Amino acid sequence: MNTMRYKLIAFGLVAALASTAASAQVYPVYDPGHGRINQVNQRLANQQNRIYAGIADGQINPMQAFRDERQDANIASREMRDEAMHGGHLTAQEQQHLNRSLNNDSNRIHYQRNGY
């Protein structure tokens, strides 16, 4: 009985997450003059697509998806904070820090989807 309740809660969480993400998905605005921002935004968008594909394929469970989404939101908020500090630009060091976090996320998503 407990297992069934947890499965229903997990299913509800995934459904809510997917519907919220689909309705509130913001596509990055690409500005040719801001290569660092475009690169980080493109990586975030690619990872979002990988997470959604993993959910659809059943390779990523609801808790993994929640953690991945939370980490991507953290990276996006750090990016916005860094941009605000420098008039809409990222410094090379800020981009490097964001890319390091994105690499960790990417590796975790790969492991979740492929098992290696």
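What you see below is based on every heavy atom in this structure, not just the backbone, and it leaves out hydrogens, waters and symmetry mates. All values derive from a computational prediction rather than experimental measurement.
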Task: Separation of Leu44 CG from Asn49 CG (nearest 0.5 Å) - done: 11.0 Å
Open item on the list: Going by side-chain hydrogen bond (donor to acceptor under 3.5 Å, both in side chains), name the residues that satisfy it together with His110, two or more places apart in sequence or in a different chain.
Closed with: Asn114
- [ ] Indicate yes or no for a side-chain donor-acceptor contact from Asn74 to the backbone of Arg70 under 3.5 Å, with no hydrogens or angles considered.
- [x] no
- [ ] Start with the C-alpha gap between Asn38 and Gln42, add the side-chain angles, then the distance that decides, and say whether side-chain hydrogen bond (donor to acceptor under 3.5 Å, both in side chains) holds.
- [x] CA-CA 6 Å; Asn38 292 342; Gln42 184 61 51; over 6 Å; no
Task: Non-neighbouring partners of Gln47 that pass side-chain hydrogen bond (donor to acceptor under 3.5 Å, both in side chains), sequence neighbours left out - done: Asp72
Open item on the list: Once rounded to the nearest 0.5 Å, what's the spacing between atom CD1 of Ile75 and atom CG of Leu98?
Closed with: 7.0 Å
Open item on the list: I need the Gln64 CD to Ile55 CD1 distance, nearest 0.5 Å.
Closed with: 10.0 Å
Task: Pairs touching residues 34-53 that satisfy salt bridge (Lys or Arg N to Asp or Glu O under 4.0 Å), sequence neighbours left out - done: none
TODO: Mind jotting down which residue pairs meet the salt bridge (Lys or Arg N to Asp or Glu O under 4.0 Å) criterion with at least one end in residues 87-110? Sequence neighbours excluded, please.
DONE: Asp68-Arg108, Asp105-Arg108
TODO: Locate the shortest heavy-atom distance separating Ala65 from Ile60; write the atom from each residue and the value.
DONE: N-CG2, 3.6 Å
TODO: With rounding to the nearest 0.5 Å, note down the distance linking CG in Asn104 to CG in Asn99.
DONE: 11.0 Å
TODO: Please say which of His86, Gln96, His97 ends up in a side chain to side chain contact (heavy atoms under 4.5 Å, CB included) with Thr91.
DONE: His86
Open item on the list: Can you list everything that forms a side-chain contact (heavy atoms from CB on, under 4.5 Å) with Gln59? Sequence neighbours excluded, please.
Closed with: Asp57, Arg113
Task: Set of side-chain contact (heavy atoms from CB on, under 4.5 Å) partners for Glu83, sequence neighbours left out - done: Ile37, Glu79, Leu90
Task: side-chain hydrogen bond (donor to acceptor under 3.5 Å, both in side chains) against Asp82, all qualifying residues, sequence neighbours excluded - done: none
